[in-house]
2 protein chains.
Amino acid sequence: MTELDIAEVVRRAGVPASTLRYYEEKGLITPVGRRGLRRQYDPSVLERLALIALARTAGFPLDEIARVFAPDGTIRIDREALLAKAGELDRRIGELAVLRDSLRHVAACPAPSHMECPTFRHILAATAAADVPGRPKRAPGAAWNPSIPSSANEYAP
Amino acid sequence: MTELDIAEVVRRAGVPASTLRYYEEKGLITPVGRRGLRRQYDPSVLERLALIALARTAGFPLDEIARVFAPDGTIRIDREALLAKAGELDRRIGELAVLRDSLRHVAACPAPSHMECPTFRHILAATAAADVPGRPKRAPGAAWNPSIPSSANEYAP
DNA sequence: TCTTGACCTCAAGTCGGCTTGAAGTAGCAC
DNA sequence: GTGCTACTTCAAGCCGACTTGAGGTCAAGA
């Protein structure tokens with residue numbers, strides 16, 4: 001009997017039992033059976049949980065992740081979606097890099113008040129400019145949690 | 001009279017009126033007066049809104065942003081906090097970069113099923129490993145929306 | 001003067017991803 | 001057989017950042 005008790009999964013995956021039940025409700029995982037009331041899982045659930053964690057880090061919502069799991073237990077990932085997400089990540093990375101550099105500049109800036117620092121004002125202006133037009137509250141294509149004001153290319157490498 | 005009507009602020013900042021009222025409730029902005037019922041703003045509110053947008057993109061929660069605005073209208077930013085946030089962004093950027101590369105690999109991988117791709121399995125294993133120990137549900141120091149499992153360096157270039 | 005329509009207030013709802021609490025049950029040690 | 005304890009179910013709550021809806025007010029144009 002190589003099945004894992006839910007307690008074991010909790011221990012090995014570091015995911016709380018409540019989360020496992022929630023994932024089950026959402027169709028992300030399925031226990032292979034019960035011992036008494038207790039859920040028993042196939043060891044492959046650990047791999048699946050890792051995949052879920054990975055996808056979550058990438059910004060996929062649970063609903064979308066659920067669709068990746070075929071009913072037969074295998075996974076089927078849409079390669080186009082992956083590339084699209086990779087592109088999204090590229091943009092997000094660019095934004096965050098700009099932001100990080102801005103923060104470092106402002107931290108080092110000798111201007112008495114930040115508002116007197118020309119670079120800071122420039123960053124603000126750029127942010128405002130990037131923020132105004134269109135204003136897609138949520139990215140139109142794929143779902144991505146933090147609302148991302150577009151454009152990074154202006155100051156991209 | 002150089003005051004801006006709320007409608008004008010909505011138009012120029014691209015921020016909905018409901019959000020402006022919400023920000024006011026949170027102490028992030030303050031109208032200089034009213035014309036009838038309508039809020040009137042000092043033009044500097046546009047700069048302030050840009051700053052708020054910038055801070056939000058950096059992952060600062062509104063509460064924290066509010067503390068940046070001194071009662072006299074000036075801003076006072078804690079340089080240490082900025083550097084800390086910059087460090088956070090560095091880590092986040094590293095993670096996302098790994099993820100992006102992984103996605104591209106998987107999309108290009110010729111293995112019939114993703115689970116048969118050794119690289120994919122390696123990534124999963126690393127994710128799982130990074131995910132288990134400690135498990136700070138929310139970053140202990142500063143607040144950052146998506147819960148971020150640490151470590152990226154394991155498979156960094 | 002009267003209408004229009006954009007603003008106003010206040011309370012409640014939304015969204016995603018969980019967590020928490022009350023009340024119940026069953027495997028295992030004694 | 002009796003407890004203990006860790007599980008179970010189900011409903012409700014929480015977080016942050018807003019949005020929505022009902023019902024009210026008022027400046028400006030016809």
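So you know, we letter chains A, B, ... as the sequences are listed, proteins then strands, and number each from 1.
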Worksheet item: Hey, what do you get for CZ (B/R39) to CZ (B/R21), rounding to the nearest 0.5 Å?
Response: 6.0 Å
Practice prompt. Please work out if B/A17 contacts a base, only the sugar-phosphate, or nothing of the nucleic acid, heavy-atom cut-off 4.0 Å.
Written response: nothing
Worksheet, complete the sentence: Closest heavy-atom pair, A/Y22 versus A/L62, reported as atoms and distance to 0.1 Å, is CE2-CD1, 3.5 Å
Worksheet item: Are A/L83 and B/V98 connected in a single hydrophobic cluster, I mean Ile/Leu/Val/Met/Phe/Trp/Tyr linked by side-chain heavy atoms less than 4.5 Å apart?
Response: no
Worksheet item: How long is the gap from CZ on B/R12 to OH on B/Y41, to the nearest 0.5 Å?
Response: 14.0 Å
Discussion item. Please tell me if B/T19 has a side-chain N or O lying less than 4.0 Å from either OP1 or OP2 of D/dT19.
Written reply: yes
Worksheet item: To the nearest Å, how far apart are B/L62 CG and D/dC15 C1'?
Response: 12 Å
Discussion item. How many whole angstroms separate atom CD of B/E25 from atom P of C/dC8?
Written reply: 14 Å
Fill in: B/Q40 CD - D/dC26 P separation (whole Å)
15 Å
Worksheet entry | Presence of B/R39 side-chain N/O under 4.0 Å of C/dC7 phosphate oxygens OP1/OP2 | no
Response to the item:
Of B/I6 and A/S18, the one whose nearest nucleotide on DNA chain C sits closer to the 5' end is B/I6
Worksheet entry | B/R21 or B/K26, whichever maps to the more 5' nucleotide of DNA chain D | B/K26
Worksheet item: Under 4.0 Å between a side-chain N or O of A/Y23 and OP1 or OP2 of C/dG17?
Response: no
Discussion item. Can you measure A/D5 atom CG to D/dT5 atom C1' for me and round it to whole angstrom units?
Written reply: 13 Å
Item to complete: Find the distance between CG (B/L96) and CG (A/D90) and round it off to the nearest 0.5 Å.
Response: 10.0 Å
Worksheet item: Quick one: B/Y22 OH to C/dT14 C1', roughly how many Å, whole number?
Response: 13 Å
Item to complete: Please state how far atom CD in B/E64 lies from atom C1' in D/dC15, giving the value in whole angstrom units.
Response: 15 Å
Worksheet item: Is the distance from OP1 or OP2 of C/dT25 to the nearest side-chain N or O of A/R35 less than 4.0 Å?
Response: no
Worksheet entry | Between D/dA17 (C1') and B/I65 (CD1): distance, integer Å | 11 Å
Worksheet, complete the sentence: When rounded to whole Å, the CZ to P distance for the pair A/R34 and C/dG27 reads 12 Å
Worksheet, complete the sentence: 5'-most contact on DNA chain D (nearest-nucleotide basis), A/L37 vs B/R38, goes to A/L37
